Amino acid sequence: MRTFLFILGAMLVAASGYAQPKIGQKAPEISMTDITGKTRTLSSLKGKVVLVDFWASWCMPCRKGIREVTPIYNRFAKKGFEIFAISLDTDKSAWKHAIEKDKMTWWQMLEPGGWDGATALAWKIDQLPTSFLVDRHGVIISIDPSPTELQRYLQQALN
């Protein structure tokens with residue numbers, strides 16, 4: 001029985017290392033090159049509310065979500081809201097076309113290696129879309145917030 005409990009405990013500890021970041025945890029740092037070639041870091045946005053959004057041009061639920069978030073971004077961007085978008089596309093031209101077509105004016109990064117890229121692996125991304133709402137102190141406060149939840153939080157935090 002003790003051997004079983006030891007093995008079970010070891011498995012749980014190992015599995016916890018593979019879990020996505022959780023609400024209440026500090027968001028893992030991200031450092032990536034944006035669409036213009038400039039290096040961007042998540043920590044540089046401390047003091048702002050940030051939606052870290054993992055998406056891809058071929059992901060229709062992602063594209064639908066982008067259309068829903070755009071008016072929210074336009075309303076709150078000047079008040080301290082930013083989106084740190086990370087595409088898992090492997091086709092750079094499809095990525096750029098989607099940004100242009102959907103009129104995304106927020107920070108855009110392309111994950112080198114797609115699903116197997118360093119940031120996607122560090123954040124344990126296993127489905128798209130996946131997003132994390134990070135407060136002004138760099139702490140994750142929501143995972144996959146709906147547009148209504150996002151807007152409600154931003155109204156409280158930024159107005």
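In this text the structure is predicted, and so the values were computed from the model without any measurement.
In terms of hydrophobic clustering, with Ile, Leu, Val, Met, Phe, Trp and Tyr side chains grouped at heavy-atom distances under 4.5 Å, Ile66 and Trp95 are assigned to a common cluster. Hydrophobic clustering of Ile, Leu, Val, Met, Phe, Trp and Tyr side chains at less than 4.5 Å, counting indirect connections, keeps Val49 apart from Val52.
Within a 6.0 Å sphere centred on NZ of Lys46, other residues, nucleotides and ligands contribute 12 heavy atoms or fewer.
Checked by atom type and distance alone, the side chain of Gln108 never pairs as donor or acceptor with a backbone atom of Ile99 at under 3.5 Å. No donor-acceptor distance shorter than 3.5 angstrom exists from the side chain of Asp34 to the backbone of Met109, with no hydrogens or angles considered.
Contact annotation: the side chain of Arg63 never approaches that of Pro129 to less than 4.5 Å [non-hydrogen atoms, C-beta and beyond]. Using a 4.5 Å heavy-atom threshold, the side chains of Ser142 and Leu150 count as separate. When side chains are defined from C-beta on, Ser31 counts as touching Thr39, because their heavy atoms get closer than 4.5 Å.
Under the ring-ring contact (aromatic ring centres under 6.0 Å, His included) criterion, the residue pairs touching residues 129-152 are Trp123-Phe132, with sequence neighbours excluded.
Under 4.0 Å is where a charged nitrogen must lie from a carboxylate oxygen, and between Lys64 and Glu68 at least one such pair does.
Listed by chain and number, the residues in a side-chain contact (heavy atoms from CB on, under 4.5 Å) with Ser43 are Glu29, Thr41 (sequence neighbours excluded).
Between Trp115 and Gln127, the shortest heavy-atom contact is CZ3-N, 3.7 Å.
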Anything under 3.5 Å between a donor and an acceptor, one on a side chain of residues 81-88, the other on a protein residue two or more places apart or in another chain? List them.
unit_1: Glu82; atom_1: OE2; unit_2: Tyr73; atom_2: OH; d: 3.2
unit_1: Ser87; atom_1: OG; unit_2: Asp89; atom_2: N; d: 3.0
unit_1: Ser87; atom_1: OG; unit_2: Asp89; atom_2: OD2; d: 2.5

